[in-house]
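For reference, the structure discussed in these notes is given below.
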Amino acid sequence: MKLKSQLNNVIQDAFNKAGIEHAPMSVSEASKPEFGDYQFNGAMALSKKLGKNPREIAQSIIDHLDLSGVLTKAEIAGPGFINLWINPLWLATQAQEALADERLSISRRENPIKVVVDYSGPNMAKQMHVGHLRSTIIGDTLANLLTFLGDDVIRQNHIGDWGTQFGMLIAYLEMKGLEMKGEDGSGSLKDLEQFYKDAKGEFDANPAFANKAREYVVKIQSGDAHCLQLWQKFIDISLGHCEEVYEKLNVNLTRDDVRAESFYNDDLANVITDLQKSDKLQESNGAQCVFLEGDEVPVIVQKGDGGYLYATTDLAALRYRAKELGAKRISYVVDARQAGHFKQVFRVAKEAGFVPEYVKLEHIAFGTMMDKGGKPFKTRDGGTVKLIDLLDEAVVKARETINNKEDYTPEQIDELAKIIGIGAVKYADLAINRESNYIFNWDKMLSFEGNTSLYMQYAYARIQSIFRKFDGQISGDIIIGDELEHRLATMLLRFEDVLNRAAEDASPNQITTYLYDVVTLFMRFYEQNPMLKEGVDESTKMSRLQLADLTAKTIKQGLDSLGIRVVDRL
RNA sequence: GCACCCAUAGCUCAGCUGGAUAGAGCAUCGCCCUUCUAAGGCGAGGGUCUUAGGUUCGAAUCCUAAUGGGUGUACCA
């Protein structure tokens, strides 16, 4: 239900009838309950244009406002605010419809577009570390959201599987005489991070080995079959590690979504020649560059030694996504520190005609994860924290928070700990405005208090508990019986507006903020408006149960977009 | 040097296209469990929205500058 546009339509009607020729600005949520449900602030803005005082304009809008359908009351306040009250009967009907609909009355886009969401992008030479968390879950949320809203989403995992490190790794593999044959051989790569460190150590300490490594790079790049086979095996194992992480994280990335850097290898030379054709290319200090007007530093697309760079790959990828995949929106969920790079690459792509003008290119930037002291998140000895370790720790800590362990079987506790722990990590991250850095805090994220996943899951479980106890058949209609029910219903009907905005801005925290508002309201409703207790008449009981049900479904759907699961019992 | 980002309560953070007395949670202090999960709810205190100008009927929000912090800045990704 697009609540805002419904209300805007009513305002627009009043404008037409009142003979106001300007397009009204959108209504907004009332800042306080006393001010109604929504407010229209456009009268003040029109004052100058119409040469009338704002209260006069507001009055004439109200005089023509239809108060027989969606709205039931409108009042002028202050300098010319129009406070709007939604008709409780209309609210009840809409809530009823939402409840009866699998999609909670959330429409699919009338004009879906193809969207590429590029996220996660781990490097195959190392294990995933905490730095990959945000890209992975923010990107996944965006992809989930857009899919739910009806767009044609193409997830792209642009894994780093090419470059000098791989020469080093394979050379080390050969030197150690290790074979990656089947499952047995892969055992030696169990700890990829250690393997990488050992190889790097050898590379730094042993010049002969370093040369060997460089030779292997050339061999791989020139298509040496043996080396390529080793390389492929290496990638497979490494990707397996990533899939384990995705599985734990409840992230919807599969092998089908992988478009590795190497995928674009054959196109890189074309990128250069095509840039040349469009007269973009200039040689500078031996390198092939694109100089953008107003930019000091050029985009280097080919090194002096003939090698290509990540800008080259990104250009090839952009072109592929626009031309081959037909994307109309391409979203890169990447660390904010790469803002400069993307700004440049996007410009080059458009100026060179690799991507049509109408395609929206966006860098979904996010901030860094910090420790309690506000420093970048590291292990005690200053190393990077492996993502898998962080997630496992989250599950262990979550297990400790489970109160009545005797009520569950060990398997249930395992499952519960996973859902709670992983949910807590994800929610804490997604609840922060994505562009700012955020402080990672176990205690806070695993708390039931405040804007946390546990608080949401708890609310959901409470509702399920009521229905277990009720164990009957719902009948009758939703009736908006008091102020609290009115506000809860209004809040629940805002869901589609929230999802749309969150998708547009790629801001998961708009969803979490909304869910928190929903749950906070529900908790009050729960305290004040009993359902199954003595003395509640049947029709009230049925109505309240349905409001609770719609609340639960909204929580579930909201968390589902974030890739967070709910449980019936906590 | 240049460019970009950030600055809101003691702490962690919301604050949507500018709107009414700037909101949560934690922490502090009260109150509410024989009553649907108290892992909850209600209430109190706590702010020159970094500073100084400007635009506007109206600014935490937009513009300019200063200060403080972060990041990036030619052949890594």
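Reminder, nothing fancy here: chain letters follow the sequence lines and each chain counts from 1.
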Open item on the list: Give me the distance, rounded to whole Å, that separates B/rG23 from B/rC16 when you measure between the C1' atoms they each carry.
Closed with: 14 Å
Using the 3.5 Å cut-off, write out each protein N or O paired with an N or O of nucleotides 11-13 of chain B and the distance between them.
{"residue": "B/rU12", "atom": "O2'", "partner": "A/K444", "partner atom": "NZ", "Å": "2.2"}
{"residue": "B/rC13", "atom": "OP1", "partner": "A/I439", "partner atom": "N", "Å": "3.1"}

Open item on the list: Which label fits A/W442 and A/F440: parallel for a plane angle under 30°, tilted from 30 to 60°, or perpendicular past 60°?
Closed with: perpendicular
Open item on the list: Return the pairing partner of B/rC76 with a 3.5 Å limit on both distances, Watson-Crick or G-U wobble; otherwise return none.
Closed with: none
Task: Integer angstrom distance from the C1' of B/rC4 to that of B/rG46 - done: 35 Å
Task: For A/Y427, ring pair (Phe, Tyr, Trp, His ring centres under 6.0 Å) partners two or more places apart - done: none
Task: Distance test, side-chain N/O of A/Y427 to OP1/OP2 of B/rG25, below 4.0 Å - done: no
Task: Reported CG-to-CD distance for the pair A/L484 and A/Q528, which is rounded to 0.5 angstrom - done: 5.0 Å
Open item on the list: Test of understanding: with ring pair (Phe, Tyr, Trp, His ring centres under 6.0 Å), list the residues that count as partners of A/Y320, not counting sequence neighbours.
Closed with: A/F263, A/Y264
For residues 515-522 of chain A, which side-chain donor-acceptor pairs fall under 3.5 Å, sequence neighbours excluded?
{"residue": "A/T520", "atom": "OG1", "partner": "A/Y516", "partner atom": "O", "Å": "2.6"}

TODO: Answer yes when A/R565 and A/E415 have at least one side-chain N-carboxylate O distance shorter than 4.0 Å, and no when they do not.
DONE: yes
Open item on the list: Can you list everything that forms a salt bridge (Lys or Arg N to Asp or Glu O under 4.0 Å) with A/D37? Sequence neighbours excluded, please.
Closed with: none
Open item on the list: Rounding to an integer number of angstrom, what distance separates B/rU21 and B/rA59 when you compare their P atoms?
Closed with: 11 Å
Task: Set of ring pair (Phe, Tyr, Trp, His ring centres under 6.0 Å) partners for A/F467, sequence neighbours left out - done: none
TODO: Write out all pairs satisfying salt bridge (charged side-chain N to carboxylate O under 4.0 Å, His left out) with one or both partners inside residues 540-552 of chain A, taking only residues at least two apart or from two chains.
DONE: A/E485-A/R544, A/E538-A/K541, A/D549-A/K553
TODO: Within residues 416-426 of chain A, find the residues that approach RNA chain B with a heavy atom at under 4.0 Å, and present them sorted by residue number.
DONE: none
- [ ] Classify the glycosidic conformation of B/rC16 as syn or anti, calling it syn when the angle lies within 90° of 0.
- [x] anti
TODO: Return the residues of residues 283-290 of chain A meeting this criterion: a heavy atom under 4.0 Å from some atom of RNA chain B. Order them by number, or give none.
DONE: A/S284, A/N285, A/A287, A/C289
- [ ] Using a 4.0 Å heavy-atom cut-off, write out nucleotides 26-36 of chain B from 5' to 3' as B (base contacted by protein), S (sugar-phosphate only) or - (no contact).
- [x] S--------BB
Open item on the list: Tell me if the aromatic rings of A/Y332 and A/F342 count as close, with their centers under 6.0 Å from one another.
Closed with: yes
TODO: Select from A/G340 and A/N404 the residue whose nearest nucleotide in RNA chain B is closer to the 5' end of that strand.
DONE: A/N404
Open item on the list: Here's a test of your reading of the structure: between A/G304 and A/K48, which maps to the more 5' nucleotide of RNA chain B?
Closed with: A/K48
Open item on the list: What I want to find out is whether A/D295 reaches A/K343 closely enough, with some N-O distance under 4.0 Å, to be called a salt bridge.
Closed with: no
Task: A/N83 (side chain) donor-acceptor with A/E75 (main chain) under 3.5 angstrom - done: no
Open item on the list: Under 4.0 Å, heavy atom to any atom of RNA chain B: which of residues 513-524 of chain A qualify?
Closed with: A/T513, A/Y516, A/M523, A/R524
Open item on the list: Measuring to OP1 and OP2 of B/rG15, would you say a side-chain N or O of A/N509 lies under 4.0 angstrom away?
Closed with: yes
Open item on the list: Need the pair for B/rA60. Rule: Watson-Crick or G-U wobble, both distances under 3.5 Å, any strand; none if unpaired.
Closed with: none
Open item on the list: Please tell me whether A/F346 and A/H363 form a close aromatic pair, meaning their ring centres lie under 6.0 Å apart.
Closed with: no
Open item on the list: For the P atoms, the ones on B/rG1 and on B/rA65, what distance do you get once it is rounded to whole angstrom?
Closed with: 16 Å
- [ ] Decide whether A/N53 and A/E56 meet the rule of one side-chain donor and one side-chain acceptor closer than 3.5 Å.
- [x] yes
- [ ] Examine A/F366 together with A/Y119 and report whether their ring centres are nearer than 6.0 Å.
- [x] no
Can you name the atoms? Protein N/O to nucleotides 17-21 of chain B N/O, anything below 3.5 Å, with the distance.
{"residue": "B/rA20", "atom": "N7", "partner": "A/Q39", "partner atom": "OE1", "Å": "3.3"}
{"residue": "B/rA20", "atom": "N6", "partner": "A/Q39", "partner atom": "OE1", "Å": "3.4"}
{"residue": "B/rA20", "atom": "N6", "partner": "A/N83", "partner atom": "OD1", "Å": "2.3"}
{"residue": "B/rA20", "atom": "N1", "partner": "A/N83", "partner atom": "ND2", "Å": "3.4"}

Task: Counterpart base for B/rC11, defined by Watson-Crick or G-U wobble contacts under 3.5 Å - done: B/rG25
